[in-house]
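What follows is a single structure, written as structure tokens, with notes after it.
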Amino acid sequence: MPTLRAVAPALLAASLLMAGTAGPAGAQPAAPLPASPFAGFETRHLPNGLRVWFKRTPGDRSVSVSVTVPYGSDEDPPGKEQLAHFTEHMLFTDRPGRTEEQVKRAITLRGGTRNGITMPDRTFYFARVDREHGLFAIEWLHGIMAPHAMPRALVARQRTPVMIETRARPRDVGEWVFARVIDPPALRVPDYWGREFGIRSHRARDSYPWRSIRAIDSADLRAFYDRYYVPSRMTLTIVGDLDSSVVWPLVTRTYGTLPARPVPPPRARLVDPGREHRRYAWTFRSAVGYDERYKLYGRTARDDLLLTFVSRHLGQRLGEQLRFGTRKAVYGLSVGVERRGQAAHLALTSDIATSALDFARGRIDRELARLRAGAVSDSEFVAGRDAIIRALVAETTAAQSLESWVTTAFYAPDVHARFPDVAGELAGVTRDEVATFARRLLAPERRVLSIVRPMPLSQPALLLLGWLVLWLGWRLARRLFQRPLPMVRLRYLTRVAAPLAWRLAIVGTWIAVVLVTVRLLVFGFQLIAARWLAGVDSFAVQYGAYALMAIVVVLLLVAALAVVPRTVLVFDDALAIKAIAFQSRVIPFARVVEVAERRLGDVMRLGGVAALARCRPLAPAILAPALHIRLDDGSSYLLRSRDTGELQRVLDGLRGTA
């Protein structure tokens, strides 16, 4: 029998081997990852270029069939907004031998659902049924996607549902003024997608659904379908417990007959401004609105995979610390990915308790820094990655959940050539790869930060502050424009008079000039606010600047009123023409060369074009004469009063005694 000394080395080696394989005391060996529901998709391309993704899911009771067209409302031509949406509606209409109602009931009577969704960069069609009707759903959706005749009568009938859905209605007078004068497209600050990616949206146009939908005709719809419903750009996805030996011949017999067409030209390249954008604002709310985005340009399939990992990793980590940690800073924090063509962004959004904003921002910044630095052990990274994979697998339990990935992430054929095995590929993601991607994505110049805090003033206090600003503007205008008049020497006073039509024309022109000037000024303020002021994290600075802007507008309006003559005042040795607001022009009699009744033609005949150009007509003086007051510098006035003859006699008398 071997002695203890003889067997001791073997026992020690065995114990070390067991310790190495068992891990830390009390730890259990990592369970194997579950099978990936994303795996097993078969990809085929039909002769017309149509891409088909098919996956058989044994035991699944439902079948999902969808077609994704990677074009949407971004492709609407100017003046034909809602054309992509209208086209989607038309594909569900009558077809030879069947009415629209019969077409749709063919699915609903089988217990299925169907719909079409138009988005800015894609249009999505689907049908979902029990597996016993799966083959029918494939053929039914082909009938929807096949070319349609789109006759005028059918287009006219479908126009009403589209207008109801978009809430289209004729503009009233106020809306026309708003669209053409107050908020014309040329004076609109670019929206988020335009500012950060150079993607022109409907906001850059005078989008008027009532007009554009009514302008769309059969030719427009057929042209849009022929241009963008190109099989080589479309994706057919079939998920369900169907036999591939039956599915593929059916797909070839149906979708394979869709006519091949030229591919549309590529979209304009994305524009990266290469800078961070911050926005701070205050409004009446109970918590801080927090929105932090990181932009991605020219996304790839691998980028989409890493975006999925980073968004879920941050959602889990930040949720644990801010929602479920010892300090309850948020109710919930959402970390998601939004895509538009080859553009995408990672967004962290939440409502944060005001007192916990600094704490929450510190935790968010710390987690982002950890990702960029890869500051996590290999074991911790693997554990977190496996947890994400398990959650993905648990969520993706049916055909519909797999299909949803197509419309949200995998719809762009330039990005995804095959259906990605998300769970399987995530299992191969490394800590260093995530860190490298995070440094590229989470860079300062890729950040768009928006923080909306609760208003520090009550509504009455803010209203009072607004009135105070207007009062200060009015007082400043009085100081700048008002000139004292020697009222003790006043001898005569009368109102400037003119025919109603002339007054309406003058007032209309004046209002138009003032509105255009104010709108241009406000546009300048908007640009200043969007590019610089909104990025200042100070309520006092921002609202102080807004108060100054309001005062400038008040001064401009008063200045506009100060050029509209209203009253003529005659003194011992001078006359004054007083405007509506404060301003008065005093003219000594010594400068008055002539006071006589003249017509505009007389002014031109006596003094030429130069005299006419320097004449300010306060009355039409075309058919009937007006009082012409000519000064020594060549300038003059043509005006009428309630009693023009009396005014002339008063002026002649006082000038004779001056």
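If you read the sequence from its start, that first residue is 1, and numbering goes on from there. All values below come from the heavy atoms of this structure, side chains included, with hydrogens, waters and symmetry mates left out.
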Report, as yes or no, whether the 6.0 Å neighbourhood of atom CD on Glu100 holds more than 12 heavy atoms from other residues, nucleotides or ligands. yes
Can the ring centroids of Phe41 and Phe54 be said to lie less than 6.0 angstrom from one another? no
Between Trp53 and Thr43, do the side chains contain an N or O donor and an N or O acceptor separated by less than 3.5 Å? yes
Test His345 against every option in Tyr294, Tyr297, Tyr192, Trp193 by the side-chain hydrogen bond (donor to acceptor under 3.5 Å, both in side chains) rule and name the one that passes. Tyr192
Would you say Arg323's side chain and Tyr331's backbone share a donor-acceptor pair under 3.5 angstrom? yes
Tell me whether Arg275 at atom CZ has more than 12 heavy atoms from other residues, nucleotides or ligands lying less than 6.0 Å away. yes
Kindly say whether the aromatic ring centers of Trp405 and Phe38 come within a distance under 6.0 Å. yes
May I ask you to establish whether Arg453 and Phe539 are in a cation-pi arrangement, using a distance under 6.0 Å from NZ or CZ to the six-membered ring centre and at most 45° from the ring axis? no
Greater than 12 external heavy atoms within 6.0 Å of Arg302's CZ: yes
Decide salt bridge (charged side-chain N to carboxylate O under 4.0 Å, His left out) for Glu42 and Arg44; before the verdict, give the C-alpha distance in whole Å, the side-chain angles of both, and the deciding distance to 0.1 Å. CA-CA 7 Å; Glu42 186 177 354; Arg44 292 191 188 182; 2.8 Å; yes
For the side chain of Asn115 and the backbone of Phe124, is there at least one donor-acceptor N/O pair under 3.5 Å apart? no
Could you check whether Asp191 and Ser201, counting side-chain N and O atoms only, form a donor-acceptor pair closer than 3.5 Å? yes
Donor-acceptor under 3.5 Å (Asp217 side chain, Asp220 main chain): yes
